[in-house]
Amino acid sequence: MPELPEVETVRAGLSRLIVGKQIAAVDFDWPKSFPNTKADVDTFLISAKIMAVTRRAKVLLVELSSEYSLVIHLKMTGQLVFRGKNIEFGAGHPSDSLIGPLPDKSTRVTLQFTDGSTLFFNDQRKFGWIRLLPTVEVLNLAFFQKVGPEPLASDFTWQLMKDRLLRRKNTNIKAALLDQSVVAGVGNIYADESLWGARIHPATMVRDLSDSKFKELHKSIQAILRLSIEKGGSSSHTYVNAEGKKGSYMNFASVFRREGEPCPRCGMTIIKTRVAGRGTHICPSCQRV
DNA sequence: CACTTGACCTGTCCGC
DNA sequence: TGCGGACAGGTCAAGT
């Protein structure tokens with residue numbers, strides 16, 4: 001599900017909702033969703049306080065007072081939903097939440113805080129996970145060793161983006177954008193939206209892009225990621241924020257899941273095709289190979 | 001080595 | 001209505 005804007009929205013929500021709270025109990029029903037030893041959980045998670053919630057690429061980092069961290073990847077369908085202490089466990093739910101009483105069928109991990117509030121990790125497809133690791137070891141994970149630069153960082157220039165993309169010069173630009181070792185945080189939605197913004201066909205080989213196209217793409221990626229964060233991310237399927245609410249970016253999407261609708265720029269009918277093994281949305285007039 | 005494809009899972013939708 | 005297959009926002013391992 002979540003790409004950079006969705007994970008950033010969840011991060012901001014959790015930062016506001018759970019920092020300072022102390023963990024009282026942990027429950028899980030699917031070991032792959034929570035592959036940690038009982039000893040580590042008892043020693044470094046139970047009784048720990050939440051110090052900070054940060055993000056790198058599509059990964060959330062929850063720093064604990066025990067000098068351990070929870071490393072969380074939501075993958076396709078993961079959700080982190082907070083419920084306050086006034087919500088009776090398993091009973092009612094806030095009227096403004098779009099998901100029902102928790103835990104539910106998709107709940108994989110439950111973190112109970114000492115004040116009676118709860119954080120639920122729901123994940124329909126079970127691809128996501130929460131790992132408990134010493135904070136100093138987090139950046140040694142293979143993923144963090146190879147992950148590319150943050151596209152909204154101030155030092156992410158178009159030249160840097162070009163250099164990173166040219167590591168994959170013999171593949172198409174969509175596959176290169178989805179490669180997290182090239183640029184962090186872009187997934188299927190924002191790859192399609194950014195390529196439409198820069199008028200680049202997703203099947204274009206990276207080696208064939210001109211400097212002016214790299215510049216347009218750089219500008220497009222940043223503008224679209226910023227807009228989506230401002231709108232609370234995209235909710236076309238299972239995504240919700242930490243309060244169980246949807247983001248509104250899909251209302252602003254130009255091509256993603258808009259096949260059959262007119263291109264907002266030229267009016268040509270948007271089509272859906274397949275590039276890099278993923279469903280891909282383009283305007284066949286604005287975006288040519 | 002660079003690149004592509006299958007696997008991990010559950011749920012939904014679409015055609016027969 | 002039932003059933004099979006394709007597909008869904010991600011990332012690895014294994015294949016070519």
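Letters A, B, ... mirror the listed sequences (proteins, then strands); counts begin at 1.
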Pair A:M250-A:S235, side chain to side chain contact (heavy atoms under 4.5 Å, CB included): steps then yes or no:
CA-CA 6 Å; A:M250 283 306 289; A:S235 291; 5.7 Å; no
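- When rounded to the nearest whole Å, the span between CG of A:N172 and P of B:dA2 equals 16 Å.
- With rounding to whole Å, A:R278 atom CZ is found 14 Å from B:dA7 atom C1'.
- Using a 4.0 Å heavy-atom distance criterion, A:G277 is classed as making no nucleic acid contact.
- A sub-4.0 Å separation between OP1 or OP2 of B:dA2 and a side-chain N or O of A:N170 is absent.
- Checking the phosphate oxygens (OP1, OP2) of B:dA2, no side-chain nitrogen or oxygen of A:R167 falls inside 4.0 Å.
- Side-chain nitrogen and oxygen atoms of A:K146 include at least one within less than 4.0 Å of the OP1 or OP2 phosphate oxygen of C:dC12.
- Dashed line: the shortest gap from a side-chain N or O of A:K272 to OP1 or OP2 of C:dA8 is under 4.0 Å.
- Rounded to whole Å, atom P of C:dG10 lies 14 Å from atom OH of A:Y239.
- Protein atom CE of A:M76 is 6 Å distant from nucleotide atom P of C:dG10, rounded to whole Å.
- Contact check on A:D123 versus A:K75 returns no salt bridge, with no Lys/Arg side-chain nitrogen under 4.0 Å from an Asp/Glu carboxylate oxygen.
- Nucleotide C:dC7 holds its C1' atom 12 Å from the CZ atom of A:F256, rounded to whole Å.
- Residue A:S106 is classed as having no contact, given no heavy-atom separation below 4.0 Å to the nucleic acid.
- The A:Q124 side chain lies nearest to B:dG11 when the options are B:dG11, B:dC9, C:dC7.
- Rounded to whole Å, the distance from CZ on A:F127 to P on C:dA8 is 13 Å.
- Phosphate contact (OP1/OP2 of C:dG10, side-chain N/O of A:H73, threshold under 4.0 Å): absent.
- Comparing the P positions of C:dG2 and B:dC9 gives an interatomic distance of 28 Å, to the nearest angstrom.
- Taking 4.0 angstrom as the limit, A:K32 places a side-chain polar atom (N or O) nearer than this to OP1 or OP2 of B:dC9.
- Distances shorter than 4.0 Å separate some side-chain N or O of A:K126 from OP1 or OP2 on B:dT10.
- In the displayed structure, A:F143 atom CZ is contacted under 6.0 Å by more than 12 heavy atoms of other residues, nucleotides or ligands.
- Nucleotides C:dT11 and B:dC1 have their P atoms positioned 23 Å apart, rounded to a whole Å.
- Contact check, A:T77 against B:dG11: no side-chain N or O comes under 4.0 Å of OP1 or OP2.
- Taking the P atoms as reference points, B:dG6 lies 16 Å from C:dG5, given to the whole Å.
- Protein atom CH2 of A:W129 is 11 Å distant from nucleotide atom C1' of C:dG10, rounded to whole Å.
- Side-chain nitrogen and oxygen atoms of A:R274 include at least one within less than 4.0 Å of the OP1 or OP2 phosphate oxygen of C:dA8.
- Between A:K58 and A:R257, the residue whose closest nucleotide on DNA chain C is further toward the 5' end is A:R257.
- C:dT11 has no stacking from A:F143 on its base ring, since the centres under 5.5 angstrom apart and planes within 30 degrees of parallel are not both found.
- With a 6.0 Å radius and a threshold of 12 heavy atoms from other residues, nucleotides or ligands, A:R131 has its CZ atom at or below the threshold.
- Distance, A:K105 NZ to B:dT12 C1': 12 Å, rounded to whole Å.
- Regarding contacts with the backbone of B:dC3, a side-chain N or O of A:R168 is found under 4.0 angstrom from either OP1 or OP2.
- Among the heavy atoms of the strands lying under 4.0 Å from A:G279 are primed sugar atoms or P, OP1, OP2 only; no base atom is included.
- The structure places CD of A:Q287 at 9.5 Å from CZ of A:R199, a figure rounded to the nearest 0.5 Å.
- Taking 4.0 Å as the cut-off between side-chain N and carboxylate O, A:K58 and A:E3 do not count as a salt-bridged pair.
- Contacts of A:Y190 with the nucleic acid, taken as non-hydrogen atoms under 4.0 Å apart, are absent.
- The two residues A:P2 and A:V7 have their closest heavy-atom pair at CB-CG2, 3.7 Å.
- A salt bridge links A:R16 with A:E243: at least one charged nitrogen is closer than 4.0 Å to a carboxylate oxygen.
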In dot-bracket form, 5' to 3', how is DNA chain C paired? Count Watson-Crick and G-U wobble pairs only if both distances fall under 3.5 Å, and write | where the partner sits on another strand.
.|||||||.|||||||
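- Of the inter-residue distances, the one linking A:L70 atom CG with A:L64 atom CG reads 5.0 Å to the nearest 0.5 angstrom.
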